[in-house]
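Fair warning: this is a prediction, and the values are worked out from it, not measured in the lab. Letters A, B, ... mirror the listed sequences (proteins, then strands); counts begin at 1.
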Number of protein chains: 2
Amino acid sequence: MVTIKDIAKLANVSHTTVSRALNNSPLIKGPTKKKILEIASQLNYSPNYNAKSLVMQKSHTIGLFLTSISNGTSASFLADTIKGVNAAISQEYNLFIRGIDDYEDYSSINPQRFDGIIVMSQSIQDHSFIYHVLQKKIPIIVLNREIEEDYIMNILSDDKEGSRQAVQYLIDCGHKDIGIIEGTPSFKSAQMRKEGYLTALIDNHFPIQQEYSVNGNYDMESGYKGMEKLLLLGKPPTAVFCSNDDMAIGAMNAVYAHGLSVPDDISIVGFDDSGFAQYTTPGLTTVKRPVEQISYLGAKNILSLVTGKEVTLEKVYVNTELIIRKSVKSIEKRC
Amino acid sequence: MVTIKDIAKLANVSHTTVSRALNNSPLIKGPTKKKILEIASQLNYSPNYNAKSLVMQKSHTIGLFLTSISNGTSASFLADTIKGVNAAISQEYNLFIRGIDDYEDYSSINPQRFDGIIVMSQSIQDHSFIYHVLQKKIPIIVLNREIEEDYIMNILSDDKEGSRQAVQYLIDCGHKDIGIIEGTPSFKSAQMRKEGYLTALIDNHFPIQQEYSVNGNYDMESGYKGMEKLLLLGKPPTAVFCSNDDMAIGAMNAVYAHGLSVPDDISIVGFDDSGFAQYTTPGLTTVKRPVEQISYLGAKNILSLVTGKEVTLEKVYVNTELIIRKSVKSIEKRC
DNA sequence: TGATAAAATGTTAACGTTAACAAAAAATGA
DNA sequence: TCATTTTTTGTTAACGTTAACATTTTATCA
């Protein structure tokens, strides 16, 4: 491999001068710089980032950590996250992706290895990880899940408001008996969406019926089972808010399996607007959550943090959007 | 940060001895080693991989490159790939993920930065990248797409055989007019699946009708449009083989939009068995492609290659599996 | 023109680790 | 017991880069 010393020899300068030219330092003469750059490109020089990192005490690596890669994270969520981050991270940074649950201890998470860390957090259990990162003084940004600490940058969608809007929409459509299939209990998002659901009911002075809330864990099967439970009720709800699209699809299938129809017998709304929501039959009305945008913003911001640019924002809520398709029946004309 | 020299001082030995203890070299006395290890863990020592990499000329990084992260790669494919690789890569390696199309030039892809590279290849255009890696003498393994060079390790699913089986199944069900919606033309997988389709027809001495082949690019919308084109034909096919599940879902929706039914009017099979294939209505009959398994195998093998273990295999075909659900109607009783 | 300031380049050390070689300590054997 | 071998430890250099400081060259101005 060609090093700056090789270039130095050919250019008849010291290796420091080469270093300066390559990093376009201001204290170098134009012609010298030009000559060095030319030789470098001729030799196809590429810097050794290990050496650079060693001396500069920087890793040139951004870590993207998800709660889990393999458990409970939907494909579209993972893909959107990576797409968003990938688009924002410039080529001179390594992008390192792992699940927090891949680690038994966090000893290898330190400033030497990571210039900055993005946590796409889906569970309150991530807290010990976040705390560790904080303690090691690695710049961090937490996405997707609200955290109390106001000195940590935090970007998330307003899930509570999003689900409130969705349930309000059901109410506007004339529904009075509205069920919910909840997400993985330990995930903050599941709690927020439940709160939005409750808020809408309370706002409209609707009674809260315990048996209309059933558990789920964000996967399709739990949606199927949740809906079955609701259908077996003496008086099933006429509309069900599912805490994500995957469960909504499972729920739709449960409805069909019971010989009923969506939306004629049961109306359904989902949450996420994952890629296939528009291709279900009928098209799924859902709350669009801007995962990719959140990830993109997060990556941009961690880069600013890492490069020492002043970043002011501390908590950013990205708006959700209600996407109306065909899975909700209008009982009254209002919606 | 604590270094081996700090440990050395406390243990009253030289830093080399510490290095040896930490890397459990055989030429160190038991008690000495034990003492050093104790101090190290007490101080919460964690090695500086930049220094290590610099002196050992190793990067401790495995690169996972996909044809593209943002264009034409489905969410489930991306997610499965990452899951498989992530599960196999041990904690002491960095996992670096990027799209080949994120690079304008490959100068930063060199042995200093990558101990080994996994290419999850979806397009023949990846060849220049593969060639570059080869030229730099970085251990490489190519997944998912067949390559001619027999000295490159290559793991892939037998798409041609998989699609042949799928189409044969349609034929067994009594279908005679069978259409295909093709995948992105430049992707080898699209070609192989087309070949499987043709092989099945030829095996059964069916005529090949040009107008039954329509283009697509693996996304849902192209599946929708492709099906529309087929439906507008004077005599539409009774069954359509879609080159992936996403397009199959688009196609199903096109059928519904025309007031027809799946599978009563048109039978559909997909390819991939992506997560939601079982939750479409009706459930999608499809060819299961073991993306996660391929990725896992690939990662295991690149690790063996990198650590110098002898690896014999050169080309591995992983079997696909026909998953029969409800999207195909049996015209005859044979299936 | 020559002293002085400014700009450009060079020298040397440092980052934290491993490796080659050197030295010391321990074990062996006559 | 002491020479010899073997085992264990230490010393020094190296990896490729940047940074602090030193030196040389160039520009400025009286």
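Using a 4.5 Å heavy-atom threshold, the side chains of B/Ser186 and B/Thr184 count as touching.
Not a single donor-acceptor pair under 3.5 Å links the side chain of B/Ser70 to the backbone N or O of A/Lys83. Side-chain N or O atoms of B/Ser304 include one that pairs as donor or acceptor with a backbone N or O of B/Lys300 at under 3.5 Å. In this structure, the side chain of A/Lys33 does not engage the main chain of A/Arg20 through any donor-acceptor pair within 3.5 Å.
Shown for residues 105-113 of chain B: no residue has heavy atoms falling under 4.0 angstrom of DNA chain D.
Using cut-offs of 30° and 60° for the angle between ring planes, the A/Tyr103 and A/Phe65 rings count as tilted. The aromatic rings of B/Tyr93 and B/His60 are tilted relative to each other, their planes meeting at an angle between 30° and 60°.
Taking atom NZ of residue A/Lys58 and atom P of nucleotide D/dT18, one finds them 12 Å apart after rounding to whole Å. Per the geometry, CG belonging to A/Leu22 stands 15 Å off P belonging to D/dG16, to the nearest Å. One can place NZ of B/Lys52 at 19 Å from C1' of D/dG16, the figure rounded to the nearest angstrom.
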Readout for nucleotides 5-15 of chain D: B = base within 4.0 Å of protein heavy atom, S = sugar-phosphate only, - = neither; 5' to 3' it is ---SBBBB-BB
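Annotation: A/Leu43, atom CG; neighbour count of heavy atoms from other residues, nucleotides and ligands within 6.0 Å is above 12.
For the side-chain hydrogen bond (donor to acceptor under 3.5 Å, both in side chains) with B/Ser121, the qualifying choice from B/Lys188, B/Glu146, B/His127, B/Arg145 is B/Arg145, the only one to do so. If you run side-chain contact (heavy atoms from CB on, under 4.5 Å) between A/Leu143 and each of A/Ile155, A/Val119, A/Ile302, only A/Ile155 comes through. Of the residues listed (B/Ile36, B/Thr16, B/Leu22, B/Thr17), the one engaging B/Ile4 in a side-chain contact (heavy atoms from CB on, under 4.5 Å) is B/Leu22, and it is the only one.
Nucleic acid contact for A/Asn23: sugar-phosphate only, since backbone atoms but no base atoms lie under 4.0 Å from a heavy atom of the residue.
Comparing the helix axis at one end of the helix from C/dT1-D/dA30 to C/dA30-D/dT1 with that at the other, each defined from 5 consecutive pairs, gives an inter-axis angle of 50° (nearest 10°).
Remark: B/Tyr45 is in phosphate contact with C/dT17, judged by side-chain N or O atoms under 4.0 Å from OP1 or OP2.
Taking the six-membered ring for Trp and the full ring otherwise, the centers of A/Phe77 and A/Tyr218 sit at least 6.0 Å from each other.
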